[in-house]
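Written out below as structure tokens is the structure these notes cover.
Throughout, residue positions are numbered sequentially from 1 according to the sequence presented.
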Amino acid sequence: MLDFPRWKVWSIWALLAVLCALAIPSVVPERYTPTWLARAPRINLGLDLAGGSYLLLEADVNDLAGTRIETMRDQVQTEMRRGNPRIGIGDISTRDGQLSFLLRDPSQVDAARERLLTITGGGAGMTGQREWDIQVVDSSRFVLKPTEAGMTQAIDTAMNDATEVVRRRIDALGTREPTIIRQGTNRIVVQVPGLQNPQELKDLLGKTAKLEFKLVDESATPQQLAQRQAPIGSVILPYPSNPIGPPMIALKRQTILSGDQIVDATQTFDPQTNAPQVALTFNGPGGTRFARVTQENTGKQFAIILDNSVISAPNINEPILGGRASISGNFTVDSANQLAIALRSGKLPIALKVIEESTVGPELGADSIRAGVLASGVAVALVVAFMLVTYGRFGFYANLAVVINVFVILGVLALLKGTLTLPGIAGFVLTIGTAVDANVLINERIREERHRGRSVVQAVELGYKEASRTIFEANVTHAISGVIMLVLGSGPVKGFAVVLLIGICTSVFTAVTFTRMLVVLWIRRNKPKTINI
């Protein structure tokens, strides 16, 4: 029992001192924090405490289906051209949610099927079904339909990717500890503490940021543009800022470059007009392709398309080399910066729309914090009074452990850069109330051993040894419940579980190891013949 080496004593004191020091920045208001403490980790406050914005985003599944059809069209055209021998096909139809095309040479049906099998994917997840159903009609027409299993897998993949893109975009805004989680099949919950005006966030998240470069089809007549009848192999898209004609323009269907090949995008200013613009840097293959296309089409127009709307259609006056380009248009500094963030973080694989939004004011959070601090203070005061009256010196040691445990929990939360929510405060108060459970068990066990005639050292040694087993088992079952809430819960439930689990670990350490050290040091120094417990 008395074998408590000096290195262990100093290690415990040092560990507790460091963790308590980590709690200081979170306890002291930011305006009173010294400069040297400004960069120390702090506990972030959740939406219900700091106020902020809440958005519920819903994905447009129909848009994803159309995008898959268009992507498959490009893949089919490329695959039929690149093989040897080349397989000739007619114009591809994308009506009624399916893709169909006619072979010019019916004898190439088997070869065409083999090539289609390589681009239509294998089994969709664990279902064993293919992502696309391939049928041959009238011996020379292929019809490709997306299967239900393939569509389900595509939605799941797109939603996972969209969640990550949303997270990168919000992080680029410099906000602190946003909560971004999937809800159901096609929804994403976004909570951004501290953001009182959600409009900027809505504008940024509403952009799919699908950037494309295409050549302008200069053969299109004004009549075709007016009637929105594109020449074969082309498509007509809106061009709202067209300076010389109608707000429509005809473009070659083939994309010469896409936003996937952008490695960086920044908001800059045009050196000639000082107007805001977005500077782009392409990756190696993208820069090479862009240079080759501009070399082969010098003197022609190419269009810059963002989210299926043309924002600029400049002339290619000379080859654009070096893997760099810029987008200019009717930008403000804010809109150019938002576009740069959207392009930098990647395009959304599926269109998202806001179906629910709310703003929580900081006043409500301040009231919650005051109530939480009051509840914590009352809990600490009552626990301290009870333990001191009931167990005397041993109660004082337990109380010291409770107070240190409060700061240790805050320090661990700060170290983990955790977010404290209103349910988290509830978990905090619950942890304080139960932090002395271990000391109650230990003290009662010591009292029983003294009644049996054990010496002070033997009673203390057996009290800690025998009670520790019960304490361990009780806290394991407690922790299991917390882990289940952490894994299966979300939002407030998860916040409660995090604080609860941290509190379980820290309270066991302070209530058992720390108080045992204090008792050992007291017994060594005073060598008491009896104890009042």
Task: Leu415 side chain near Leu413 side chain, heavy-atom distance below 4.5 Å - done: no
Open item on the list: Could you check whether any side-chain N or O of Thr147 sits under 3.5 Å from a backbone N or O of Glu131, counting only pairs where one atom can act as donor and the other as acceptor?
Closed with: yes
Task: Flag side-chain contact, heavy atom, 4.5 Å: Phe496 against Leu430 - done: yes
Task: Min side-chain heavy-atom separation Trp132-Pro146 under 4.5 Å - done: yes
Open item on the list: Is it true that, when you exclude Ile232 itself, more than 12 heavy atoms of the residues, nucleotides or ligands shown sit nearer than 6.0 Å to its CD1?
Closed with: no
Open item on the list: Rounded to the nearest 0.5 Å, what separates atom CG in Asp133 from atom NZ in Lys145?
Closed with: 7.0 Å
Open item on the list: Under a 3.5 Å distance rule, please check whether Asp270 uses its side chain to pair with a backbone N or O of Gln272 as donor and acceptor.
Closed with: yes
Task: Stepwise side-chain contact (heavy atoms from CB on, under 4.5 Å) test for Gln183 and Leu56 - done: CA-CA 9 Å; Gln183 185 181 82; Leu56 180 60; 3.6 Å; yes
Show which side-chain atoms of residues 248-257 pair as donor or acceptor with protein atoms under 3.5 Å away, not counting sequence neighbours.
residue: Arg253; atom: NH2; partner: Ser234; partner atom: O; Å: 3.2
residue: Thr255; atom: OG1; partner: Glu212; partner atom: OE2; Å: 3.3

- [ ] Could you walk me through whether Arg113 and Ile134 pass side-chain contact (heavy atoms from CB on, under 4.5 Å), step by step?
- [x] CA-CA 8 Å; Arg113 178 187 288 275; Ile134 304 174; 4.3 Å; yes
Open item on the list: Could you check whether any side-chain N or O of Thr298 sits under 3.5 Å from a backbone N or O of Thr294, counting only pairs where one atom can act as donor and the other as acceptor?
Closed with: yes
- [ ] Provide the closest heavy-atom pair for Ile350 versus Ala162 in the form atom of the first, atom of the second, distance.
- [x] CG2-CB, 4.1 Å
- [ ] Determine whether Pro276 and Gln267 make a side-chain contact, defined as any pair of heavy atoms from C-beta on separated by less than 4.5 Å.
- [x] yes
Task: Closest non-hydrogen atom pair, Leu280 against Ala265 - done: CD2-CB, 3.9 Å
Open item on the list: Tell me whether the rings of Phe213 and Phe282 are parallel (<30°), tilted (30 to 60°) or perpendicular (>60°).
Closed with: perpendicular
Task: Gln277 versus Ala336, closest heavy-atom pair with distance - done: O-CB, 4.1 Å
Open item on the list: Set out, in order, the CA-CA distance, both residues' side-chain angles and the distance that settles side-chain contact (heavy atoms from CB on, under 4.5 Å) for Val408 and Ile502, then state yes or no.
Closed with: CA-CA 9 Å; Val408 169; Ile502 293 175; over 6 Å; no
- [ ] For the residue pair Ile504 and Thr431, establish whether any side-chain heavy-atom pair is separated by less than 4.5 Å.
- [x] no
Task: Thr157 side chain to Ala154 backbone, donor-acceptor under 3.5 Å - done: no
Open item on the list: With rounding to the nearest 0.5 angstrom, report the CG to CD1 distance, Leu99 to Ile69.
Closed with: 6.0 Å
- [ ] State, to 0.1 Å, how close Val143 and Ser100 come at their nearest heavy-atom pair, and which atoms those are.
- [x] CG2-CB, 4.1 Å
TODO: Using a cut-off of 6.0 Å, state whether more than 12 heavy atoms not belonging to Arg81 lie near its atom CZ.
DONE: yes
Task: CA sep, side-chain torsions, deciding dist, call: Arg187, Glu58, salt bridge (charged side-chain N to carboxylate O under 4.0 Å, His left out) - done: CA-CA 4 Å; Arg187 291 183 176 181; Glu58 186 174 69; 3.1 Å; yes
Open item on the list: Could you walk me through whether Thr266 and Val278 satisfy the side-chain contact (heavy atoms from CB on, under 4.5 Å) test, starting with their C-alpha distance in whole Å, then the side-chain angles of each, then the deciding distance to 0.1 Å, before giving a yes or no?
Closed with: CA-CA 6 Å; Thr266 55; Val278 179; over 6 Å; no
Open item on the list: For the CZ atom of Arg73 and the CG atom of Leu144, what is their distance to the nearest 0.5 Å?
Closed with: 12.5 Å
- [ ] Give a yes or no on whether the backbone of Arg292 and the side-chain of Arg289 come within a donor-acceptor separation of less than 3.5 Å.
- [x] no
TODO: Flag yes if more than 12 heavy atoms outside Glu218 fall under 6.0 Å of its CD atom; otherwise flag no.
DONE: yes
Task: Side chain to side chain, Asp156 and Arg182, heavy atoms closer than 4.5 Å - done: yes
TODO: Report yes if some heavy atom in the side chain of Ile305 is under 4.5 Å from a heavy atom in the side chain of Ile311; otherwise report no.
DONE: no
Task: Contacts of Ala65 that satisfy side-chain contact (heavy atoms from CB on, under 4.5 Å) - sequence neighbours left out - done: Met151
Task: Distance (rounded to the nearest 0.5 Å) between Leu55 CG and Ile188 CD1 - done: 11.0 Å
TODO: For Ser140 and Val109, work out which heavy atoms get closest and say how close.
DONE: CA-CG2, 4.4 Å
Open item on the list: Quick check against the 3.5 Å criterion: does Asp60 have a side-chain atom that pairs as donor or acceptor with the backbone of Asp63?
Closed with: yes
Task: Whether Gln224 side chain and Thr221 backbone form a donor-acceptor pair below 3.5 Å - done: yes
Task: CZ on Arg68 to OG1 on Thr94, rounded to 0.5 Å - done: 14.5 Å
Task: Close side-chain approach of Met485 and Leu500, heavy atoms under 4.5 Å - done: yes
TODO: Check whether any side-chain N or O of Asn297 sits under 3.5 Å from a backbone N or O of Lys300 as a donor-acceptor pair, and report yes or no.
DONE: no
Open item on the list: Heavy-atom count check: over 12 atoms from other residues, nucleotides or ligands less than 6.0 Å from Glu148 CD?
Closed with: no
Open item on the list: So, taking the atom named CG in Leu103 and the one named CE in Met80, what distance separates them when rounded to the nearest 0.5 Å?
Closed with: 7.0 Å
Task: Tyr54: partners by ring-ring contact (aromatic ring centres under 6.0 Å, His included), with sequence neighbours left out - done: none
Open item on the list: Using modelled atom types and a 3.5 Å cut-off, is there a donor and acceptor pairing between side-chain atoms of Asp217 and backbone atoms of Ser219?
Closed with: yes
Task: Closest non-hydrogen atom pair between Leu64 and Ala158, with its separation - done: CD2-CB, 4.1 Å
